[in-house]
Structure formats: structure tokens, C-alpha cells
Amino acid sequence: SPLPLESLYMKKTLATVALLVAFLLPLDAASLWVKVSDRVLKSLGRVEITLVQEETNTTLQGECTAFSINEQKRFLLTAAHCFGNTLIVNKQPATVIFRDEVKDVMVLHVPALKLKALRPALGAQMGEDVAAYGYAYGWEVPYLKTGVVSVPLARIQMFGQRPITL
């Protein structure tokens, strides 16, 4: 059953940080993040979610962050808990093509949206400094947060293709 609106915002915030950690970038100096944020912004999508709870006839709305993972196919990665009856990314309709609720990942297809694909940095180690960049707390502008790698890498596999390491 759908979560109360406050819980959705908390989960979105945590997922935003988790998704961004998937695109690990070393934290060498604060000035580095100016360049990185400019580059990442070209890959970023703001997901507007509408979720209708039929049992209570309630409509919930929220926001999440998505990242381009394949520019040619127009695939974006976001959190599975960002699922809704209607998903709009940067004002363009999106279709869910893959969703794993256990790993909390979802891949969207947005044919009308061409964003530069992010290439994840490889080789980040436990304890390494990283940053998260996205639309945390439903803000209209992206939010930058730094942190430390504290979870092992996850792997997902879609449509029998080679696994993607997050």
C-alpha cells in the first residue's frame, strides 16, 4: 500500500542520495564540485510523480531525480519508490521499462528527452568521499550533498543484457 506523503518525501530524499552515490565521483576539493555539478546537470531529470490511491480516492504528488544512463535509447535511472500512475521528466511523459523494488531502482524511457548519459566512476572504495546531486526535498533546483561511501555496490540486470553495477 502507498506510504503517507511524509514517508514518500523521506524515502525520496534517501533514494536521491543513494542514486547519486551510484555515480561515484572522488571528492578532492570543493572547487571540483563546481565543474562536476555543471557536467551532471546535463544528465539530470526532475521527475514529477502523480500517484492515485484508489482505496481512499486520494491523489498524491511528489518529485524525484533521474539520471540519463543511455543517451541514444533515452533511458534514465531513478528510484523504484518514485513510481506513480503518471511520471513526467523535465515536462516529458515517461514510461517504466524496468523496476526492482528490492534494490529500489527503476529505469524510465523518455523518447522526447535527450540528456547526456552519465558514466559512473569506477573503483570507488568504502570510506571514500562522494557527492549526491539531485532534486532533494522536492526543490525546484538541484541540491548538492557530500558524503562517504558506506554501502557495497549493487548490480541489476535487465532484459537478459549484461548487469549494470550501481
Side-chain angles (χ1 to χ4, degrees), residues 1-25 36-37 39-53 58-71 73-113 115-121 124 130-159 161 163-166:
S1 70
L3 299 171
L5 194 54
E6 295 83 18
S7 293
L8 284 175
Y9 281 114
M10 180 58 72
K11 283 194 82 174
K12 284 193 306 185
T13 300
L14 294 174
T16 298
V17 172
L19 279 174
L20 290 165
V21 167
F23 295 95
L24 301 169
L25 300 166
V36 170
S37 64
R39 189 182 73 204
V40 171
L41 187 58
K42 295 173 184 167
S43 304
L44 208 59
R46 184 171 189 268
V47 183
E48 298 174 37
I49 306 155
T50 302
L51 176 64
V52 178
Q53 295 179 316
T58 305
T59 300
L60 301 174
Q61 294 183 319
E63 298 84 24
C64 278
T65 303
F67 303 91
S68 175
I69 57 172
N70 187 313
E71 188 173 345
K73 292 184 179 181
R74 316 254 170 130
F75 290 167
L76 286 85
L77 180 69
T78 190
H81 70 260
C82 295
F83 181 78
N85 302 88
T86 305
L87 299 170
I88 305 293
V89 180
N90 294 0
K91 304 194 184 308
Q92 300 297 324
T95 304
V96 176
I97 62 165
F98 175 80
R99 184 171 164 210
D100 185 330
E101 292 183 45
V102 173
K103 293 181 180 170
D104 197 25
V105 294
M106 182 166 59
V107 176
L108 304 176
H109 180 232
V110 188
L113 186 63
L115 297 172
K116 188 153 182 69
L118 279 181
R119 289 188 348 236
V130 293
Y133 191 55
Y135 295 96
Y137 311 108
W139 290 352
E140 296 289 324
V141 295
Y143 171 82
L144 179 69
K145 174 96 174 139
T146 58
V148 176
V149 175
S150 60
V151 295
L153 296 175
R155 292 171 63 84
I156 63 170
Q157 188 169 0
M158 329 186 303
F159 311 121
Q161 296 177 355
I164 299 170
T165 300
L166 303 176

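Computation of the quantities below employed the complete heavy-atom set of this structure, encompassing side-chain atoms and omitting hydrogens, waters and symmetry-equivalent molecules. None of the values given here were measured: they were computed from a predicted structure.
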- Counting distance only, does the side-chain N/O of T65 pair as donor-acceptor with the main-chain N or O of Y135 below 3.5 Å?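 Yes, because the side chain of T65 sits within donor-acceptor range (under 3.5 Å) of the backbone of Y135.
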- Item | Main-chain N/O of L115 paired with S68 side-chain donor or acceptor, under 3.5 Å |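 Side chain of S68 to backbone of L115: a pair is present.
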Nearest heavy-atom neighbours spanning [X] and [Y]:
X: R46; Y: N90; value: N-OD1, 2.8 Å
X: A94; Y: V89; value: CB-CG2, 3.9 Å
X: Y133; Y: L44; value: O-CD1, 3.8 Å
X: A131; Y: L144; value: CB-CD1, 3.9 Å

What residues form a side chain to side chain contact (heavy atoms under 4.5 Å, CB included) with [X], not counting sequence neighbours?
X: T50; result: T59, Q61, T86
X: R99; result: A80, F83, V96, E101, M106
X: K42; result: K116

Distance from [X] atom [atom1] to [Y] atom [atom2], nearest 0.5 Å?
X: L108; Y: I88; atom1: CG; atom2: CD1; value: 10.5 Å
X: T78; Y: F67; atom1: OG1; atom2: CZ; value: 8.0 Å
X: L118; Y: L77; atom1: CG; atom2: CG; value: 9.5 Å
X: L87; Y: H109; atom1: CG; atom2: NE2; value: 14.0 Å
X: I69; Y: S43; atom1: CD1; atom2: OG; value: 11.5 Å

- With side chain to side chain contact (heavy atoms under 4.5 Å, CB included) as the test, would you mind laying out the steps for V47 and I49 before giving the verdict? CA-CA 6 Å; V47 183; I49 306 155; 4.0 Å; yes
